[in-house]
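Right, one structure below, let's go through it.
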Amino acid sequence: MAAANYLQSEDQFLCSICLDVFTDPVTTSCGHNFCKNCITEHWNTNDQYLCPMCKEGFTTRPDLKVNTFISEIIAQFRQSAQQKAGSSSSQQQVSEPGEVPCDVCTGTKLKAELGKMGAEIQKMIQKRRLKIQELKHSIHLGEEDADREIAEGVQVFTSLKESVERGLNELINTIKEKQKTTEKQAEAFIKELEQEISELMKRSTEVEQVLRSEDHLHLLQSVQSLNIQQPPPTKDWTEVSIRPSSYEGTVVKAVVLLEETLSEEMKKLLEAELKRVQQYAVDVTLDPDTAHPELILSDDGKQVNPGDVEKNLPDNPERFSECACVLGKQSFSSGRFYFEVQVKGKTRWELGVARESINRKGIITLSPQYGYWTIVLRNGNEYKAADVPPVLLSLKSPPQKVGVFVDYEEGLVSFYDVDAAALIYSFTGCSFTEKLYPFFHPSSDDSGENSAPLIISPVRLN
């Protein structure tokens with residue numbers, strides 16, 4: 001019975017084309033399995049792409065991939081068969097002449113082998129179920145991150161939209177108020193002019209009536225009563241004018257206010273971003289085996305000072321021989337990591353990350369194409385990103401502490417001014433294929449002007 005069960009199980013892994021155990025088994029979308037070469041040759045000799053088992057047709061030739069799960073099970077069967085053959089051979093060597101191996105013993109051993117194989121299959125199933133759980137958990141975390149980013153984005157853009165609308169309304173109201181003031185002033189002048197015109201027309205009518213009189217005595221009396229010598233009181237309007245309202249700078253002022261609002265929102269975003277990347281803080285220490293002989297490292301591996309005396313150290317492959325640089329002990333080949341470095345009091349430095357295969361024995365060129373992702377300070381106030389081409393950085397204030405964040409899979413290296421919670425520069429679209437190490441170059445002493453150390457600082461999470 002055991003042998004029969006074994007053969008029945010093995011029959012499940014026979015190719016229906018060559019009638020042999022699968023070689024490089026592939027599975028069609030209809031669920032049937034074949035040797036990769038068998039189904040390939042079958043389709044090569046037929047005009048239609050049909051499944052030899054169920055005759056289901058495919059409009060285009062399927063791109064078949066080897067079913068690793070079935071391959072592993074077949075490998076287990078073959079291994080069991082080899083063990084069985086070896087065991088039978090051993091039994092025949094020790095059997096007496098004419099003695100036949102016991103079918104019960106053989107069946108028992110086969111059952112044991114199949115039981116072992118079944119346990120291995122269960123382990124494989126369990127591993128894959130755990131992997132499914134891991135992937136589902138990753139999807140869940142990704143959804144949470146996406147929802148958080150969307151919520152923050154909606155909040156920020158809603159706030160900006162409201163600020164824009166509020167700024168536009170204030171701009172329109174300001175312009176309208178200026179125009180209304182001008183209109184009121186003009187209307188007052190017009191009203192006063194109309195009153196004077198009315199008085200003058202009244203006097204004109206009276207004068208015309210007197211002129212029509214032929215009675216000289218009445219004319220004389222009328223002139224005296226009208227006091228024609230004194231015209232109605234009027235204003236001298238020669239110098240009176242209305243200047244149109246000036247709107248110069250009104251729109252600019254509104255945009256400046258909007259820019260200030262945007263800067264405030266940007267600051268809030270950067271503060272939140274910095275807090276998030278600080279969650280990936282790692283403990284970095286300097287690697288003395290990579291340090292140039294002139295550098296002075298602290299005992300705790302957290303500080304590096306420029307020196308002017310070259311120590312007698314072994315020239316091991318890891319050590320920088322020309323440039324006074326040093327790497328961190330810790331390497332990273334996946335995930336995200338973050339560390340902070342105090343640069344206070346220095347006039348020159350270079351800081352970032354470097355790949356493992358960088359040249360350490362000659363003059364180095366700071367550039368991503370040579371395996372360096374760094375920012376640089378020169379002459380006390382000239383900041384650059386060592387990109388291709390180099391990027392001159394315009395910073396509002398010199399950073400005292402620089403944060404370095406790397407997302408390996410995303411291909412991102414970002415630098416932050418920790419105290420100002422400001423983004424200094426980001427290298428994006430990087431392709432990392434090997435280990436990355438923190439990179440430090442305190443530069444030369446410059447006769448004491450640049451003697452301050454680079455200090456790896458503990459990350460304070462607020």
Side-chain angles (χ1 to χ4, degrees), residues 149-213 218-274 381 383 391-398 417 419-425:
E149 287 296 318
I150 290 173
E152 288 185 1
V154 169
Q155 180 181 354
V156 170
F157 278 89
T158 300
S159 177
L160 289 176
K161 180 182 176 183
E162 292 173 352
S163 297
V164 170
E165 291 176 348
R166 185 168 55 251
L168 178 59
N169 290 332
E170 290 176 357
L171 172 64
I172 293 172
N173 290 334
T174 298
I175 294 173
K176 285 184 174 180
E177 285 297 324
K178 282 188 175 184
Q179 179 61 20
K180 190 179 294 184
T181 300
T182 302
E183 290 176 358
K184 285 182 178 179
Q185 186 179 14
E187 288 171 357
F189 288 153
I190 291 170
K191 185 176 181 181
E192 190 175 352
L193 285 165
E194 287 175 343
Q195 288 176 348
E196 289 189 359
I197 290 171
S198 178
E199 290 295 328
L200 290 171
M201 289 181 67
K202 181 180 178 183
R203 179 62 60 89
S204 176
T205 300
E206 292 174 347
V207 169
E208 288 179 359
Q209 290 176 352
V210 171
L211 288 174
R212 285 197 295 268
S213 175
H218 180 263
L219 177 61
L220 181 60
Q221 290 175 345
S222 297
V223 169
Q224 289 176 350
S225 65
L226 288 174
N227 195 9
I228 201 168
Q229 308 293 337
Q230 299 290 332
T234 57
K235 181 188 293 186
D236 182 4
W237 294 92
T238 306
E239 302 297 330
V240 176
S241 65
I242 295 293
R243 295 185 60 190
S245 298
S246 174
Y247 304 110
E248 297 299 329
T250 306
V251 176
V252 172
K253 182 180 179 181
V255 172
V256 168
L257 291 174
L258 183 62
E259 186 178 26
E260 291 176 357
T261 301
L262 179 61
S263 295
E264 291 175 2
E265 293 295 332
M266 282 293 296
K267 183 173 178 59
K268 292 178 184 177
L269 279 176
L270 286 170
E271 287 175 350
E273 180 179 311
L274 182 58
N381 59 4
Y383 294 90
V391 179
L392 185 63
L393 304 174
S394 178
L395 307 183
K396 291 183 178 179
S397 59
D417 181 337
D419 298 323
L423 178 65
I424 297 174
Y425 188 78

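Just the heavy atoms: all of them, side chains too, but no hydrogens, waters or symmetry mates, feed the values below. Everything numeric in this text was worked out from a predicted model, so none of it was measured.
Counting heavy atoms from C-beta outward, Glu265 and Leu269 have side chains that stay 4.5 Å or more apart.
For Tyr383, the ring-ring contact (aromatic ring centres under 6.0 Å, His included) test picks out no residue, with sequence neighbours left out. The side-chain hydrogen bond (donor to acceptor under 3.5 Å, both in side chains) check on Glu149 picks up Arg276, with sequence neighbours excluded. Under the rule for a salt bridge (charged side-chain N to carboxylate O under 4.0 Å, His left out), the partners of Lys267 that lie at least two apart in sequence or sit in another chain are Glu271. Every residue meeting the side-chain hydrogen bond (donor to acceptor under 3.5 Å, both in side chains) condition with Thr182, not counting sequence neighbours, appears here in chain and number order: Ser245. Applying the side-chain hydrogen bond (donor to acceptor under 3.5 Å, both in side chains) rule to Thr238 yields the partners Asp236; only residues at least two apart in sequence or on another chain are considered. For Glu273, the side-chain hydrogen bond (donor to acceptor under 3.5 Å, both in side chains) partners are Tyr416, not counting sequence neighbours. When the side-chain contact (heavy atoms from CB on, under 4.5 Å) test is applied to Lys202, the partners found at least two apart in sequence or on another chain are Glu206.
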Pairs under 3.5 angstrom only: tabulate donor-acceptor contacts from the side chains of residues 161-170 to other protein residues two or more places apart or in another chain.
{"residue": "Ser163", "atom": "OG", "partner": "Ser159", "partner atom": "O", "Å": "2.9"}
{"residue": "Ser163", "atom": "OG", "partner": "Arg166", "partner atom": "NH2", "Å": "3.4"}
{"residue": "Asn169", "atom": "ND2", "partner": "Glu165", "partner atom": "O", "Å": "3.2"}

Distance-only donor-acceptor pairs under 3.5 Å for side chains of residues 249-264, two or more places apart:
{"residue": "Thr250", "atom": "OG1", "partner": "Tyr247", "partner atom": "O", "Å": "2.9"}
{"residue": "Thr261", "atom": "OG1", "partner": "Leu257", "partner atom": "O", "Å": "3.1"}
{"residue": "Ser263", "atom": "OG", "partner": "Glu259", "partner atom": "O", "Å": "3.0"}

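Contacts classified as salt bridge (Lys or Arg N to Asp or Glu O under 4.0 Å) and involving residues 187-196 (residues at least two apart or in different chains) are given here: Glu192-Lys235.
Scanning both residues, Thr158 and Val154, for their nearest heavy atoms gives OG1-O, 2.5 Å. The minimum heavy-atom distance linking Phe189 with Trp237 is given by the pair O-CH2, 3.8 Å.
Note: Gln155 CD to Leu160 CG = 10.5 Å, rounded to the nearest 0.5 Å. Note that NZ of Lys176 is 11.0 Å distant from CG of Leu171, once rounded to the nearest 0.5 Å.
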